[in-house]
Each structure stands twice: as structure tokens, then as C-alpha cells.
Amino acid sequence: MYAPHFAAALALKSRTPKAPALALLVGAFLPDFLWAVLAALGVEPTARAVFFDDWSHSLATVALQAVLFAALFRRRGRAVMLAVGLGVLSHFVLDLPIHPQPLALYPHSAIHLSLGLPEVSRRTYWWLQAGLVAVLAAVYVMGAREQRWPRNLVAATCVTLASLQLIML
Ligand SMILES: [Zn+2]
């Protein structure tokens, strides 16, 4: 899923305008970037029977990624660090309900976290994502209004988000 992660970064940007938009976007997708690298290296096999993504997507390693990535922005102040760190953590929260497999507490942990939804149909999965995008877009719009950002920019951003979600149909 892409649109909910984009929407999370935008919602954070509207609440912490000092945080660089690119940092928030990269942070919101960081576990997937790491996953792509580890999958290419064969560390995290993607075949359904042997699927494994504990290094990129477990709660502990996502939290570690959040801390390390946020630390890169320590010169920009606590608020920016917090926003960037939350962006990375949001990846775990948004993946949790609809990940291909339950997410591990830490790599090779016997404990896996799940809301029991990975078995839902593709259509239900899409609607669930659309709901997440709508909620996060609402947070973004409210924050953007407080920041007095140009309405056409905010509207264009919302259209882009909706389009991103629609192409996943
Ligand atoms: Zn992910």
C-alpha cells in the first residue's frame, strides 16, 4: 500500500511544517525501502511459503529505524525529530491491519502482532486503505488550514492522494 503512507507523511508535515517533506516521505516508507534491499539480498524472502520480513517490519526494528532516522535530524530540533520518528513508526501502525503476514515483535520472535485482517478480500482491503487515507487526509487538511497553506495546493495534494488510492483498485 502506498497512499496511506503518503497520507501519513502529509498529515505530519501539516502539523510540523519545519520538518522537511522529503524526510517525512522517506521515513514513512523506510521499512519498505529496507525490505526492498533485504529482499534483493535474499535476507527477507518474498515467496509466500517462506515469506519473512522481521528485519524490516517487526515492531522492534521499525522502532529502531525511527530512532536512528530521527537522530539524523537532531540539529533541526525536537519537534522535527519527533515528526520524522513518528513518520517511520506510522509505517508499522498502518501495515499492522493489512500486512501479508502478522508482524513480529522482533526478528525471529514467536510473538506476532495482528488485527486478524490479512484474510480479508482484496476489495475489503482496498476500502480499509481508502478509509485510512481519508482519515489522514482530513488531518492534513485541518493542519493545512491552520498553516494557511494555499487552498489549491491542498486540494491538488488531496486529488493526488485519492488518485494514488484509486490506481490500486
Ligand atoms: Zn511495509
Side-chain angles (χ1 to χ4, degrees), residues 1-13 15-16 19-73 81-137 139-140 157 160-169:
M1 66 170 174
Y2 302 107
H5 295 313
F6 269 113
L10 289 167
L12 285 163
K13 176 67 181 172
R15 299 288 155 173
T16 317
L22 186 61
L24 292 171
L25 281 170
V26 169
F29 282 96
L30 195 58
D32 283 352
F33 292 146
L34 182 61
W35 171 78
V37 172
L38 294 176
L41 294 172
V43 177
E44 294 198 338
T46 56
R48 203 178 179 93
V50 288
F51 187 85
F52 179 84
D53 64 354
D54 290 8
W55 291 108
S56 61
H57 276 76
S58 70
L59 178 59
T61 57
V62 173
L64 182 65
Q65 290 170 61
V67 169
L68 295 175
F69 194 59
L72 296 176
F73 298 88
M81 281 178 68
L82 186 66
V84 170
L86 278 176
V88 181
L89 277 180
S90 76
H91 192 99
F92 182 88
V93 175
L94 291 171
D95 271 11
L96 186 61
I98 43 189
H99 206 61
Q101 291 201 357
L103 294 164
L105 190 58
Y106 53 85
H108 298 288
S109 165
I111 301 170
H112 286 76
L113 309 165
S114 169
L115 300 184
L117 297 177
E119 303 301 323
V120 298
S121 71
R122 203 176 137 77
R123 172 115 340 167
T124 307
Y125 176 88
W126 187 89
W127 278 108
L128 197 57
Q129 286 192 16
L132 288 170
V133 171
V135 169
L136 291 164
V139 173
Y140 164 71
T157 305
T160 305
L161 268 181
S163 305
L164 266 177
Q165 183 59 25
L166 281 170
I167 57 172
M168 299 302 286
L169 247 184

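Counting convention: from 1, in listed order, for ligands and their atoms alike. Below, each value reflects all heavy atoms present in this structure, side chains not excepted, and no hydrogens, waters or symmetry copies. We number each residue from 1, following the sequence as shown.
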Check your understanding: What class does the angle between the rings of H91 and H5 fall in, given that below 30° is parallel, 30 to 60° is tilted and above 60° is perpendicular?
Key -> parallel
Check your understanding: Between the Zn ion (ligand 1) and H5, is there an N, O or S atom separated by less than 2.8 Å?
Key ->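 No - counting backbone and side chain alike, H5 has no N, O or S atom under 2.8 Å.
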Check your understanding: Do any N/O/S atoms of D32 come under 2.8 Å of the Zn ion (ligand 1)?
Key ->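 So D32 counts as coordinating the Zn ion (ligand 1), yes.
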Check your understanding: Closest N/O/S atom of H91 to the Zn ion (ligand 1), by atom name?
Key -> NE2
Practice item. Carefully, step by step, assess T124 and S121 under the rule side chain to side chain donor-acceptor pair (under 3.5 Å). Key: CA-CA 5 Å; T124 307; S121 71; 2.8 Å; yes
Check your understanding: Taking atom types as modelled and ignoring hydrogens, do the side chains of H108 and D54 form a donor-acceptor contact shorter than 3.5 angstrom?
Key -> no
Review point. When you check the side-chain N and O atoms of T61 and Y106, is any donor under 3.5 Å from an acceptor?
Key: no
Practice item. Have a look at the Zn ion (ligand 1) and estimate, to 10 degrees, the angle subtended by OD2 (D95) and NE2 (H57). Key: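 Reported to 10°, the angle equals 90°.
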